[in-house]
Amino acid sequence: MKIAAIQTFLSVVRTRNLISAAEELNVTQSAVSARLDALEESLGQTLLVRSRKGAKLTKAGFAFLGQAETIANTWENAKARASLPKGLTNLFSLACEPNLWGNLAETWMTNLRALHPDTAFEIWSATSREASEWLQSGVSDAALLFEQIVAPNIVSRVYSRDRLVLVSSVKREVMPWDPAYIYVHYGPEFRRHHVQAWPKDETARVSFNAPDWALRHILKTGGSAYLPDRLIKPYLDSQRLFTVKGAEGFQQITYL
């Protein structure tokens with residue numbers, strides 16, 4: 001099974017069309033078809049239903065998709081390690097939850113670069129499921145996540161403990177429900193605690209999965225949200241934001 005066949009399969013899945021995949025890969029449509037045929041023959045399964053209207057995954061194709069992504073990523077990782085920039089001897093690959101980059105991981109990576117000038121760094125946006133697969137397959141060396149990964153040969157530790165504070169663009173005390181409240185996704189553990197603290201049957205009209213995005217939105221349009229204390233300190237000091245008096249706070253754990 002050639003890596004080009006797997007990359008072609010992934011391109012067809014992305015573009016949903018053999019012609020578009022051929023353009024993306026800079027090959028002929030017949031080459032795309034030949035690669036798919038060879039891949040399906042190797043696996044003994046039909047991965048795609050192909051027609052003039054496009055291509056759709058079969059049940060077997062959907063089952064193979066995750067493995068195909070892992071294989072392709074492993075190959076790209078191997079190429080990167082084999083062709084490091086001049087003067088560098090190591091490559092460190094980090095998988096990171098998107099909403100942890102701007103307000104936590106970026107500072108850590110900046111410090112790592114200063115401490116290890118002989119190392120190249122790559123950062124991949126990943127969900128917990130993707131990060132777990134990449135760590136176990138060797139695609140990534142580490143992951144920064146809201147959820148702890150428990151798996152063979154993976155060591156997890158607490159990286160940080162943030163205090164999540166309910167802040168508002170106006171001075172106010174706690175109330176049953178703020179119509180301008182913005183929900184920020186911090187993972188399933190936060191959601192459980194949030195439901196216990198705010199059992200009222202109301203749903204936020206706006207939600208974000210990144211606290212720095214929620215912060216920018218509140219500063220621009222107003223509202224309230226639970227945000228990490230390290231992120232909001234400058235805005236509390238300048239009184240652009242205010243802590244909501246009487247509101248319960250939460251703890252957010254980040255795992256490395």
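Defined by atom type and a distance below 3.5 Å, a donor-acceptor pair is present between the side-chain atoms of Glu122 and Trp124. Under the 3.5 Å distance criterion, with hydrogens and angles disregarded, a donor-acceptor pair is assigned to the side chains of Ser224 and Arg172.
Checked against the 6.0 Å centroid threshold, Tyr235 and Phe242 do not count as a close aromatic pair. Aromatic rings of Tyr226 and Tyr186 (six-membered ring for Trp) have centroids beyond the 6.0 Å cut-off, not under it. Ring-centre distance between His194 and Tyr183: below the 6.0 Å cut-off. Centroid-to-centroid, the aromatic rings of Tyr255 and Phe146 stay 6.0 Å apart or farther.
Dense packing is recorded around CD of Gln251, with more than 12 heavy atoms of other residues, nucleotides or ligands lying under 6.0 Å away. The local environment of CG in Asn111 is crowded, with over 12 non-hydrogen atoms from other residues, nucleotides or ligands closer than 6.0 Å. Within a 6.0 Å radius of CZ in Arg113, other residues, nucleotides and ligands contribute 12 heavy atoms or fewer.
A donor-acceptor pair under 3.5 Å is formed between the side chain of Thr70 and the backbone N or O of Gly66.
A salt bridge is defined here as a Lys NZ or Arg NE, NH1 or NH2 lying under 4.0 Å from an Asp or Glu carboxylate O, and Arg50 with Glu40 meets this definition. With salt bridges taken as basic N to acidic carboxylate O contacts below 4.0 Å, one links Lys233 and Asp237.
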Between Ser132 and Gln136, does the side-chain hydrogen bond (donor to acceptor under 3.5 Å, both in side chains) criterion hold? Intermediate values first, please. CA-CA 6 Å; Ser132 180; Gln136 292 180 75; 3.0 Å; yes

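The ring pair (Phe, Tyr, Trp, His ring centres under 6.0 Å) pairs that include a residue from residues 25-55 number zero, where partners must be two or more places apart or lie in different chains.
Ser207 OG to Tyr181 OH: the interatomic distance, rounded to the nearest 0.5 Å, is 10.0 Å.
Partners of His217 according to the ring pair (Phe, Tyr, Trp, His ring centres under 6.0 Å) rule, which considers only residues two or more places apart in sequence or in another chain, are Phe208.
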